[in-house]
Protein chains: 2
Amino acid sequence: MEQKQQIKLAVDCIIFGFNNNRLELLLVHRGFEPEKGKWSLIGGYVGNEEDLDDAANRVLYNLSGLENIYMEQVRTWGEANRDPSGRVVSTTYSAMILKSEYNAELVNKYDAQWFPIDELPELIFDHRAMVDSAVRRLRRRVRNYPIAFNLLPEKFTLPQLQMLYEGILSEPLDKRNFRRKVAQMNYFIKLEEKDMSESRKGAYYYRFDEALYAKELNFNL
Amino acid sequence: MEQKQQIKLAVDCIIFGFNNNRLELLLVHRGFEPEKGKWSLIGGYVGNEEDLDDAANRVLYNLSGLENIYMEQVRTWGEANRDPSGRVVSTTYSAMILKSEYNAELVNKYDAQWFPIDELPELIFDHRAMVDSAVRRLRRRVRNYPIAFNLLPEKFTLPQLQMLYEGILSEPLDKRNFRRKVAQMNYFIKLEEKDMSESRKGAYYYRFDEALYAKELNFNL
DNA sequence: GCAAAAGTGTTTATCATACACCCATGT
DNA sequence: ACATGGGTGTATGATAAACACTTTTGC
């Protein structure tokens, strides 16, 4: 305990996306030993004068080209031997991005790939536990905070929103009950426009009004 | 980003106690600059081969003499300039201890003192934010997980338990509703013995049965 | 007998759940 | 006209909240 501390500090990002009506994770293929060939979260070391939060944002930016992404710190993993190549403590952040907006070239460069949340490949180290903890946290938070919208475009339909929630919670929801709840929260603004791409009848677009929400702060889906 | 990383990693403990029917925090008086004279959480650096959780337990043990204390990681504070004396990232842990069981000598040696949660002195750095975040977490968790018992002796009365919850949540609770909820959870075992120290009538002691709880896992107070 | 804290039920409102049919449209 | 997904209301059970008096006992 008395000699100089030699612990490296890293961040790892659990990157959620909602693609093809499923909750997915963006993982990178590990091209070097140890555990070469497995998949891992995207991570990186924290800079000496860099805020921890900023480090997470930078790591995500380098991979996706996306800035100002919604991120939450999840927890810090500090078992002494979690990384066999040395002492590394890692703080996990969960992020939500839109597949449509990120830079596919960059992602290809890093050998990254989306995986549905229930079909994950083998992950290095303790990354699987990290993912599980982030998913549990997401499921808990998504019912009481309007964070899931970060996985949808600005305009979205109620069938889309419901499928998102079903994907995140991994359970079917009753359509009428779901829609009643949405109707009660008056910061869901129904637009005139319809999405005609999914059905003949078309589904009305909605948007989430941040300012109206800020006045009420009650949310429950 | 390329030069050697030089970040120190620390843990800080938010130590809760329930004394005189109030929720209190154990703080230490800072005897050195900067911010000499203010109060702070008890903390310490993480050992090179020490699990993060173990570091938190060691720090608490050194102060209190208590081992196997219930602790939870809260979150990690990593702003680059949170500590003016150098780059230190700190993970906070919240602990719950019984005033009656800890080593008062040790605590005196460290110039530590209990403060009611709503009468805290000025704290160093970002410790106030750390405390607030730990209190919020405690208030959230205490309703759904039977963790508050770590603040009571093994045998406790329902008036005690209710005052504990009122102290934690900082709001009055209806006695009859509270007791009905307790009655519904059948891992609260009513003992024959009464506590005669607080009233003439005496209040029955109860104990919390871990094993019975493990079978049900539903808790809500 | 009275002071002081422990203990006990009922009513009401609110919320969650279960459930099935009509609508609008493009082909 | 029909196939496809979008949209709508009601009844029932469960849970939470409000509320006041009786019991025990030491003095």
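For clarity, every value in this text was computed on a predicted model and none was experimentally measured. In what follows, chains are A, B, ... by sequence order, proteins preceding strands, each numbered from 1. Values reported hereafter were calculated over all heavy atoms of this structure, with side chains retained and with hydrogens, waters and symmetry mates removed.
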If you look at every heavy atom in B:L26 and B:A112, which pair is closest and at what distance?
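So the minimum-distance heavy-atom pair works out to CD1-CB, 4.0 Å.
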
Is the B:F208 ring parallel, tilted or perpendicular to the B:Y213 ring (thresholds 30°, 60°)?
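Rings of B:F208 and B:Y213: tilted, 30 to 60°.
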
First of B:M196 and A:A203 reached from the 5' end of DNA chain D, by closest nucleotide:
A:A203

Between the base of C:dA6 and the side chain of B:K201, is one N or O donor paired with an acceptor at under 3.5 angstrom?
yes

Within the 6.0 Å centroid threshold, strictly below: A:F149 and A:F156
yes

Is the closest basic N to carboxylate O distance between [X] and [Y] below 4.0 Å?
| X | Y | answer |
| --- | --- | --- |
| B:R207 | B:D209 | yes |
| B:R137 | B:E72 | yes |
| A:E119 | A:R22 | yes |

In whole Å, what is the span from the [atom1] atom of [X] to the [atom2] atom of [N]?
| X | N | atom1 | atom2 | result |
| --- | --- | --- | --- | --- |
| A:Q160 | D:dG6 | CD | C1' | 13 Å |
| B:Q184 | D:dA17 | CD | C1' | 14 Å |
| B:R200 | D:dT24 | CZ | C1' | 11 Å |

By nearest-nucleotide position on DNA chain C, the 5'-leaning member of B:Y204 and A:N220 is B:Y204

Which residues in residues 171-182 of chain A have at least one heavy atom lying under 4.0 Å from any atom of DNA chain C?
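Heavy-atom cutoff 4.0 Å gives A:D174, A:R176, A:N177, A:R180.
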
